[in-house]
Amino acid sequence: MKKIELTSRERWLRTCRHQEIDRMMMVDSAWAGTVARWKAEGMPADANWRDYFGFDRIADIRNDNSPRCECKILEETDRYVIRTTKWGMTEKAFKELDATFETLDLTYTTPEKWEEAKARMLEYHEDRIPWKQLENEYASWEKEGLFRQLTLWFGFDVAHSHLTGTENMLIAMYEDPDWVMDIYDTYLNTSLDLAQKVLDAGYQFDGVKWYDDMGYKGSPFFSVDLYREVLKPFHKKAVDWAHERGLVVELHSCGYIEPFIPDLVEIGIDVLNPLEIKAGMDPHKLKAMYGDKLAFHGGINAQIWDKPELVKEEMERIIPVMKEGGGYIFASDHSIPNSVSLQNMKEIADLARKLGKY
């Protein structure tokens, strides 16, 4: 029998549906400093690292549903920049590769101030959608058979981290849930409206994804009951919108989120990412409990990717179980850090291809 050979689009869709595939899909992201290191160690300067290591490429677009606040530089040194953002934050961004920004100030921290942000988010501007990117790249995405994904921007994670601040959001979820739900509703509606404009323009996509980190090490940020009351309705609305249009749904949620998974299955999430080992997620347990209902993406501890023997042992332990019966996409449990050398990565990619054969 002739061996099937699939495009990344076909491979992703079949993986989500637990159908026969030619090999395990491999989709990950790498830090800027990681890619710079690989190039310094011999990867060609003009190489796409995914092509170089044999990973799958997918295509995605991200629309801008922000309040479009003025972005300006307040202070700059050799080491950092203090600037305002389109979400009304003032942040200190360090110039070192892979540095995490520091939040210095926030504008929209009360229900009254939120009304200003909301009014600005509801204003449509043509450049909220990356039309030029679509015009320049879409034809090649189609020709190459890439899986095409719309990235939505809503939920707890992006609202607390870019708009209100973590403490403000968590307190408000208990004390003023109506305000928080209005934030989530506005984020989601504006994001879906922009996505619909893309589809109405004739561009065809295969899936949606959004980022909503709901846990940290060993625990979610909030209870299951609070999730069901305040956030789940908006997750469900996004899933329903996508499924009505024939799109598969991926949720990226870092941290320990196992208590939420029955609800995520109930509302119809198709793919869960990244299965963060260091936070307490157990891929084998999740596969046994939900493997017939969910596809999984990730689950290989990024903290050991620079330790060849440990990561090899972990891959040999995790991958055969996770790929059984389909429904698994290989990746780290977050992203590829700059501790991973070119040689480390070559060995990881080679082993993933070997273990990922069907």
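Small disclaimer: the values here were computed from a predicted structure and weren't measured. By convention here, the first residue in the shown sequence is residue 1.
The ring of Phe154 has its center closer than 6.0 angstrom to the ring center of Trp210.
A salt bridge links Lys236 with Asp240: the closest approach of a Lys/Arg side-chain nitrogen to an acidic carboxylate oxygen falls below 4.0 angstrom. Note on Arg11 versus Asp22: salt bridge recorded, some NZ/NE/NH1/NH2 to OD/OE distance being below 4.0 Å. Under 4.0 Å is where a charged nitrogen must lie from a carboxylate oxygen, and between Glu324 and Lys287 no such pair does. Between Asp206 and Arg245 no salt bridge is recorded (no basic side-chain N to carboxylate O distance below 4.0 Å). Note on Asp333 versus Lys278: salt bridge recorded, some NZ/NE/NH1/NH2 to OD/OE distance being below 4.0 Å. Salt bridge status for Glu91 with Arg83: present, with a side-chain N to carboxylate O gap under 4.0 Å.
Grouping Ile, Leu, Val, Met, Phe, Trp and Tyr residues whose side-chain heavy atoms lie under 4.5 Å apart, directly or via other members, leaves Val321 alone, with no other cluster members.
With sequence neighbours left out, Trp12 forms a ring-ring contact (aromatic ring centres under 6.0 Å, His included) with Phe147, His297. For the salt bridge (Lys or Arg N to Asp or Glu O under 4.0 Å) test, no residue two or more places apart in sequence or in another chain qualifies with Glu313. Applying the salt bridge (Lys or Arg N to Asp or Glu O under 4.0 Å) rule to Arg317 yields the partners Glu314; only residues at least two apart in sequence or on another chain are considered. Taking Phe221 as the reference, Phe156, Tyr216 meet the ring-ring contact (aromatic ring centres under 6.0 Å, His included) condition, with sequence neighbours excluded. Not a single side-chain contact (heavy atoms from CB on, under 4.5 Å) links Pro320 to another residue, sequence neighbours left out.
Judged purely by atom type and a 3.5 angstrom limit, Glu276 uses its side chain to pair as donor or acceptor with the backbone of Gly255. When atom types are taken as modelled, the side chain of Thr186 and the backbone of Met121 share no donor-acceptor pair closer than 3.5 angstrom. Of the possible polar contacts, none joining the Asn63 side chain to the Ser191 backbone as a donor-acceptor pair under 3.5 Å is found. A side-chain donor-acceptor contact under 3.5 Å links Thr34 to the backbone of Ile336. Panel note: side chain His18, backbone Gly291; a donor-acceptor pair is recorded below 3.5 Å.
Seen from the ring of Tyr80, Lys92 counts as a face-on cation partner, given the 6.0 Å and 45° thresholds. A cation-pi geometry, defined here as NZ or CZ lying under 6.0 Å from the six-membered ring centre and within 45° of its normal, holds between Lys323 and Tyr358.
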Expected list for residues 305-312: side-chain donor-acceptor pairs under 3.5 angstrom, two or more places apart:
residue	atom	partner	partner atom	Å
Trp305	NE1	Ile300	O	3.3
Trp305	NE1	Asn301	O	3.4
Lys312	NZ	Glu316	OE2	3.0

Which atom pairs, donor and acceptor, lie under 3.5 Å between side-chain atoms of residues 228-235 and protein residues at least two apart or in another chain?
residue	atom	partner	partner atom	Å
Arg228	NE	Asp263	OD1	3.3
Arg228	NE	Asp263	OD2	2.9
Arg228	NH2	Asp263	OD1	3.2
Lys232	NZ	Asp263	OD2	2.8
Lys232	NZ	Glu266	OE1	3.2
Lys232	NZ	Glu266	OE2	3.3
His235	ND1	Tyr227	OH	2.8
His235	NE2	Asp212	OD2	2.8

Residues 167-174, side-chain donor-acceptor partners within the protein, below 3.5 Å, at least two apart:
residue	atom	partner	partner atom	Å
Asn168	ND2	Thr164	O	2.7

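Within the structure, no pair that satisfies the ring pair (Phe, Tyr, Trp, His ring centres under 6.0 Å) test touches residues 92-113, not counting sequence neighbours. Note on residues 174-202: pairs passing salt bridge (Lys or Arg N to Asp or Glu O under 4.0 Å), not counting sequence neighbours, are Lys118-Asp182, Asp185-Lys237. The ring pair (Phe, Tyr, Trp, His ring centres under 6.0 Å) analysis of residues 26-46, with sequence neighbours excluded, yields the pairs Trp38-Trp49, Trp38-Phe53.
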Practice task
Could you check Leu163 against Leu106 for side-chain contact (heavy atoms from CB on, under 4.5 Å), going step by step and ending with a plain yes or no?
Solution key: CA-CA 7 Å; Leu163 190 81; Leu106 298 153; over 6 Å; no
Problem - Worked verdict on His125 versus Asp64 for side-chain hydrogen bond (donor to acceptor under 3.5 Å, both in side chains) - result: CA-CA 9 Å; His125 301 270; Asp64 174 18; over 6 Å; no
Exercise for the section: Take Thr190 and Asn65 through the side-chain hydrogen bond (donor to acceptor under 3.5 Å, both in side chains) test and state the conclusion after the steps. Expected result: CA-CA 6 Å; Thr190 53; Asn65 63 335; 3.2 Å; yes
Practice task
Please lay out, stage by stage, how Glu250 and Ile269 fare under the test side-chain contact (heavy atoms from CB on, under 4.5 Å).
Solution key: CA-CA 6 Å; Glu250 179 177 19; Ile269 296 291; over 6 Å; no
Handout entry: Verdict with supporting geometry, Trp114 and Tyr184, ring-ring contact (aromatic ring centres under 6.0 Å, His included)
Key = CA-CA 12 Å; Trp114 157 245; Tyr184 296 163; 9.8 Å; no
Exercise for the section: Please lay out, stage by stage, how Leu286 and Met281 fare under the test side-chain contact (heavy atoms from CB on, under 4.5 Å). Expected result: CA-CA 8 Å; Leu286 298 178; Met281 298 290 278; 3.7 Å; yes
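Summarising the local packing, NZ of Lys95 is surrounded by more than 12 heavy atoms from other residues, nucleotides or ligands at distances under 6.0 Å. Heavy atoms of other residues, nucleotides or ligands lying less than 6.0 angstrom from CD of Glu76 number more than 12.
When every heavy atom of Arg37 is checked against every heavy atom of Val340, the shortest pair comes out as CD-O, 3.8 Å. Closest approach of Ala302 to Ser332, counting heavy atoms only: CB-CB, 4.1 Å. Of all heavy-atom pairs between Arg128 and Arg120, the closest is NH2-O, 3.0 Å. Considering all non-hydrogen atoms of both residues, Asn344 and Ser339 come closest at OD1-O, 4.0 Å. Taking every heavy atom of both residues into account, Ser335 and Asp28 meet most closely at CA-OD1, 3.9 Å. Shown here for Ala238 and Leu188, the closest heavy-atom pair between the two residues is CB-CD1, 4.0 Å.
Here Leu264 contributes atom CG and Met214 contributes atom CE; the two are 5.0 Å apart, rounded to the nearest 0.5 Å. Distance OH/Tyr211 to CG/Asp157: 10.5 Å, rounded to 0.5 Å. If you take CD on Glu258 and CG on Leu272, they are separated by 10.5 Å, rounding to the nearest 0.5 Å.
Remark: of the listed residues Lys86, Arg68, Lys132, Arg68 is the sole one forming a salt bridge (Lys or Arg N to Asp or Glu O under 4.0 Å) with Asp127. Applying the side-chain hydrogen bond (donor to acceptor under 3.5 Å, both in side chains) test between Asp56 and each of Arg50, Arg9, Arg23 identifies Arg23 as the sole match.
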